[in-house]
Amino acid sequence: MFFAAAFRQAHDGYHHSLGAGRRLTTAILLLLSVLLMTSLHSIRATHMAHHRDPLGDHDVEGCLAKASWQQALLGSITYRLAIYCQGLRLSSRRYRMLAWLEFGLIALVIMGVLMMSVFAASTVLGQAVLYHLVVMMLANASVGIIAVWGVHHDCDETIARTERNPLVNLLTFNLLYHVEHHLFPAIPSNHLPTLAKRLDAAASHLTNAPVLPSRATVIKRMKHRWSAIKDKYQNSDDSECLIRKRFA
C-alpha cells in the first residue's frame with residue numbers, strides 16, 4: 001500500500017500536478033526516490049517521452065506492452081535498468097544531476113541497511129529497515145507488468161486501458177484510470193474518477209477496454225480452454241496411444 005500511494009504521488013509529480021511549486025516538487029521526488037529505492041527523476045524523463053509517443057518505436061517505457069505477459073514479467077528487472085539508462089540520456093543537465101544524486105542517496109541507504117543487517121540484525125529497527133528494502137525492490141520489479149503491460153497491452157483502438165472496479169481503484173490510488181490520464185495528463189489523480197464519468201458519457205468507445213477482465217470473461221475463457229482440451233483428447237487417434245499399441 002505504501003509503494004502504491006508513494007508511486008501515485010511521484011507520478012503526479014512528474015506532471016507537476018501535486019499542487020506544489022517546482023522546488024517543493026523536486027524535494028518530494030528526491031524524498032520519494034530514497035523511500036521507494038528508485039531514481040524518480042530518471043524515470044520522469046522516459047515517462048514524458050512515453051506521453052509524447054505512446055507505444056511508439058522510441059517509447060522505452062511502453063515497450064513491455066508489446067510483449068506477452070510472461071515476457072513482461074521476466075523482463076521487469078532489465079526493463080528498469082533500460083528505463084534508467086534512457087532517462088539519463090533524455091534528461092536535461094539539471095535533472096541528470098538530480099538523478100545521480102538519487103542514485104547516490106539510494107546507494108548510501110543500501111550500505112546502511114547492509115551494515116545494520118550485520119551489527120543490528122536482531123533489533124526491531126534493523127529488521128524493519130531490511131524488510132522495507134526487500135519489499136521496495138520487489139515492488140519496483142513488478143511495476144513493468146502492472147503499470148505498463150497491464151494498462152497498455154492489446155490496445156488496438158485506444159492508447160490505454162482503464163478500470164471501473166471501485167475497490168481496485170481504491171487499492172491502486174486511481175493508477176488504473178490510464179486512458180483518462182493519457183488524454184488529460186495534467187489532471188491530478190484524485191480528479192480522475194470524475195473525468196472517467198464524463199468520458200463514459202461523452203466518449204464511451206475510449207473506455208471500453210478494462211484493465212482487469214470481468215468475471216464473465218474469465219469464465220468464458222476457462223470454458224473455451226476446457227473445451228479445447230477435451231476436443232484434443234477426444235479427437236486423438238487411438239493408434240497413436242502407446243498403451244493401446246502395447247496391449248492390442
Side-chain angles (χ1 to χ4, degrees), residues 1-20 25 28-29 31-33 35-52 54-55 59-67 69 72-73 75-77 79-80 83-84 87 132 135-155 158-200 206-214:
M1 291 295 289
F2 167 77
F3 184 88
F7 185 78
R8 179 75 268 181
Q9 293 301 321
H11 187 265
D12 279 0
Y14 298 158
H15 296 278
H16 295 284
S17 56
L18 286 173
T25 298
I28 292 173
L29 289 178
L31 175 61
L32 291 178
S33 292
L35 294 175
L36 296 176
M37 303 301 294
T38 188
S39 172
L40 295 176
H41 276 97
S42 63
I43 297 174
R44 179 188 179 277
T46 55
H47 188 68
M48 294 298 102
H50 169 65
H51 274 273
R52 288 191 294 269
L55 307 184
D59 179 17
V60 175
E61 180 177 309
C63 65
L64 284 185
K66 303 173 184 178
W69 71 267
L73 184 62
S76 293
I77 298 177
Y79 166 78
R80 179 61 83 186
I83 289 289
Y84 290 152
H132 177 79
V135 171
M136 291 302 102
M137 293 296 186
L138 293 175
N140 277 297
S142 68
V143 168
I145 186 70
I146 297 174
V148 178
W149 186 88
V151 295
H152 282 296
H153 72 93
D154 300 323
C155 290
T158 60
I159 55 177
R161 295 173 175 269
T162 188
E163 184 58 45
R164 291 295 181 268
N165 187 308
L167 179 60
V168 172
N169 287 326
L170 176 66
L171 294 176
T172 58
F173 298 92
N174 296 338
L175 178 67
L176 303 184
Y177 286 112
H178 214 66
V179 71
E180 292 84 358
H181 170 64
H182 267 272
L183 293 173
F184 301 94
I187 300 294
S189 58
N190 59 307
H191 292 307
L192 290 178
T194 302
L195 175 60
K197 293 179 181 178
R198 295 179 179 179
L199 278 177
D200 287 342
L206 296 176
T207 63
N208 58 10
V211 176
L212 300 178
S214 64

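In what follows, every heavy atom counts, from backbone to side chain, and hydrogens, waters and symmetry copies are set aside.
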According to the interplanar angle, ranging from 0 to 90°, do the rings of H50 and H47 count as parallel (below 30°), tilted (30 to 60°) or perpendicular (above 60°)?
-> tilted
Answer yes or no: is there a donor N or O on one side and an acceptor on the other, between the side chain of S17 and the main chain of D12, under 3.5 Å?
-> yes
Should the pair H178 and H181 be assigned to parallel (<30°), tilted (30 to 60°) or perpendicular (>60°) ring geometry?
-> tilted
Scanning both residues in full, the closest heavy-atom pair of I145 with A72 reads CD1-CB, 3.7 Å
To the nearest 0.5 Å, atom CD of Q9 lies from atom CG of L35 at 12.5 Å
Under a 4.5 Å cut-off applied to non-hydrogen side-chain atoms, are L171 and M1 in contact?
-> yes
Test item: side-chain donor near acceptor, H11 and R8, under 3.5 Å | yes
Given side chain to side chain contact (heavy atoms under 4.5 Å, CB included), test I187 with L192 step by step and report yes or no.
-> CA-CA 7 Å; I187 300 294; L192 290 178; 4.1 Å; yes
Heavy-atom pair of closest approach, residues A147 and L175 | CB-CD2, 4.3 Å
Is it true that D59 and R52 make a salt bridge, defined as a side-chain N closer than 4.0 Å to a carboxylate O?
-> no
H152 (side chain) donor-acceptor with I159 (main chain) under 3.5 angstrom | yes
Taking all non-hydrogen atoms of both residues into account, name the closest pair between L176 and T172 and its distance.
-> CG-OG1, 3.9 Å
Please test W69 against H153 for side chain to side chain contact (heavy atoms under 4.5 Å, CB included), starting from the C-alpha separation and ending with a verdict.
-> CA-CA 9 Å; W69 71 267; H153 72 93; over 6 Å; no
Is the backbone of T38 close enough, under 3.5 Å, to the side chain of N140 for a donor and an acceptor to pair up by distance?
-> no
Using atom types as modelled and distance alone, determine if a side-chain donor or acceptor of E180 lies under 3.5 Å from a backbone N or O of T162.
-> no
Shortest non-hydrogen contact from A65 toward L55 | CB-CD2, 3.9 Å
Should we say atom NZ of K197 is surrounded by more than 12 heavy atoms from elsewhere, each under 6.0 Å from it?
-> no
Distance-only side-chain donor-acceptor flag, N174 / S189, under 3.5 Å = no
Backbone of P188 reached by a side-chain donor or acceptor of H15 within 3.5 Å | no
Rounded to the nearest 0.5 Å, how far apart are CZ of F184 and NE2 of H191?
-> 14.0 Å
Could you tell me the separation between the NE2 atom of H41 and the CG atom of L32, rounded to the nearest 0.5 Å?
-> 10.5 Å
Do you know the tightest heavy-atom contact between A160 and V179?
-> O-CB, 3.6 Å
Using a 4.5 Å cut-off on heavy atoms from C-beta on, say whether the side chain of Y14 contacts that of I43.
-> yes
Can you find a heavy atom in the side chain of F2 that is under 4.5 Å from one in the side chain of H132?
-> yes
What distance separates L212 CG from R161 CZ, expressed to the nearest 0.5 Å?
-> 10.0 Å
Look at the side chain of Y84 and the backbone N and O of Y79, then say whether any donor-acceptor pair between them is shorter than 3.5 Å.
-> no
With a 4.5 Å heavy-atom cut-off, do Y177 and N169 have their side chains touching?
-> yes
R164 (side chain) donor-acceptor with P210 (main chain) under 3.5 angstrom = no
Heavy-atom donor-acceptor pair, S33 side chain to L40 backbone, under 3.5 Å = yes
So SG of C155 and NZ of K66: to nearest 0.5 Å the spacing works out to 12.5 Å
Polar side-chain atom of W149 near backbone of A67 as donor-acceptor pair, under 3.5 Å = yes
Exercise: identify the closest heavy-atom pair between P54 and H51 | CD-O, 3.5 Å
